[in-house]
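Scroll down for the structure; my scribbles are underneath it.
If you're wondering where the values come from, they're calculated on a predicted model, not measured in any experiment. What's counted below: heavy atoms across the whole structure, side chains too, no hydrogens, waters or symmetry copies.
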Amino acid sequence: MNEIFNDLMNLLKQSEQDSDIDFVNIPYCNDDIEKIHRQYNAVLRCKKIFPTGFKMIYINTDLKANFINKIKLKRYHIPFKADSILKLKSYSISPLIIHLQFIDFIIKGIIKGNEVHVTFNSFEDFYEMYEDDIKGLHESKVKESTIGKYLKNELGEEYSSGQLIDFIDRNYDMYKSTHISAKHFRLLFYCFGQYIEEIGNDAFERYIKDRQSKLNWHCATISFLVSYYYFSPEFSKTICDKIFF
C-alpha cells in the first residue's frame, strides 16, 4: 500500500476512541523537524483527498523557539507560533468522517456497482473484505474522494473553510424547516457530502408524516447506510447515534 494510505489506515486503527486524532503530533517525531515535515506533508496529501475530515489545530512540541528551528520550519513551509517552545500548525482527523469517506471511495473505485451479498457489522469487516484491493491503492491513482471532487466542482479548485461553511449553510437552508440543528446538518454533510440531498429528501418526507425531526433524520441516515454502504441496521444505528446523540 502507498505510504499515504498506510499512514491513514494506521490512524484509523486508533479510532476505537470517538474523539479526533492528531495526525502529526505523535511521540517519536515531537522533537524531530525532519520527521514532522514528512508527516505534515502526508496529512496535507490526505486532507486534499478527504477535505472535510480534517480540522486545523496548533500543537505543542518539545522544540525550542530558537533561530535554527524557526529557519527549518520556514524552509519546510510549516506554520508555527513561537513562545518559549514552538507550536506547530497541524490537523486532527475525525475517525468517523474519514471512515465513511474512505469506504465511499472503495465503493466508487473498486466495487463500482457490483453486487455485494454481505452486510458489514463494523468498519473492520469492510476493510477485511477488500483488504487486497486497499493494499493495491497507489497515490498516483487517487487524486480525490467523491466528496473532494464534488466540492471542487461546486466551489472551484481552491476554496477556504469559510466558503465551505457558507456552501453547507446554503444547503442547510433547504432543510431547516425540518428543525434539524445546524450542528447536526454540518456533521452529516462532512460525512456524506453530496449524498446529503438523498438523505435530506428522505428525512423531509418522513418529517411531513410525523414531525419528529431528530428521529426522521436518524432513520433516513440509517436507511442510506444500509442501502448504499451495505452496513447492517445495527451498525448503521451505532453510526447515527454518534452523529445525532
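Because its NZ or CZ atom is both nearer than 6.0 Å to the ring centre of Y58 and within 45° of the ring axis, K81 counts as a cation-pi partner of that residue.
Separation of the F189 and Y172 ring centroids does not fall under the 6.0 Å cut-off. Proximity of the aromatic rings of H77 and Y40 is defined here by a centroid distance below 6.0 angstrom, and this criterion is not met. Here F50 and F54 keep their ring centres 6.0 angstrom or further from each other.
By the 4.5 Å side-chain criterion applied to Ile, Leu, Val, Met, Phe, Trp and Tyr, I222 is assigned to a cluster that also includes V226.
For the side-chain contact (heavy atoms from CB on, under 4.5 Å) test, residues two or more places apart in sequence or in another chain that qualify with S181 are K183, H184. By the side-chain contact (heavy atoms from CB on, under 4.5 Å) test, D202 pairs with R206, A220, S223, sequence neighbours left out. Residues meeting the ring pair (Phe, Tyr, Trp, His ring centres under 6.0 Å) test with Y229, sequence neighbours left out: F224, F231. Residues that satisfy the salt bridge (charged side-chain N to carboxylate O under 4.0 Å, His left out) test with K237, not counting sequence neighbours, are D241.
At a cut-off of 3.5 Å, with distance as the only test, no side-chain donor of Q194 or T146 sits close to an acceptor on the other residue. Between the side chains of Y76 and N41, no donor N or O sits under 3.5 Å from an acceptor N or O.
Taking CD from Q101 and CD1 from I106, the interatomic distance works out to 12.5 Å, rounded to the nearest 0.5 Å. Going from atom CG of L155 over to atom CG of L164 covers 6.5 Å, rounded to the nearest 0.5 Å. Between N66 atom CG and K72 atom NZ the span is 9.0 Å, to the nearest 0.5 Å.
Within the structure, the salt bridge (Lys or Arg N to Asp or Glu O under 4.0 Å) test picks out the following pairs touching residues 148-157 (sequence neighbours left out): E144-K152.
Note on K176 versus D173: salt bridge recorded, some NZ/NE/NH1/NH2 to OD/OE distance being below 4.0 Å.
No donor-acceptor pair closer than 3.5 Å links the side chain of N69 to the backbone N or O of L63.
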Give the intermediate values and the outcome of side chain to side chain contact (heavy atoms under 4.5 Å, CB included) for residues S122 and D125.
CA-CA 5 Å; S122 68; D125 282 354; 3.4 Å; yes
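Partner of H99 under the ring-ring contact (aromatic ring centres under 6.0 Å, His included) criterion, chosen from F123, F120, F126: F123.
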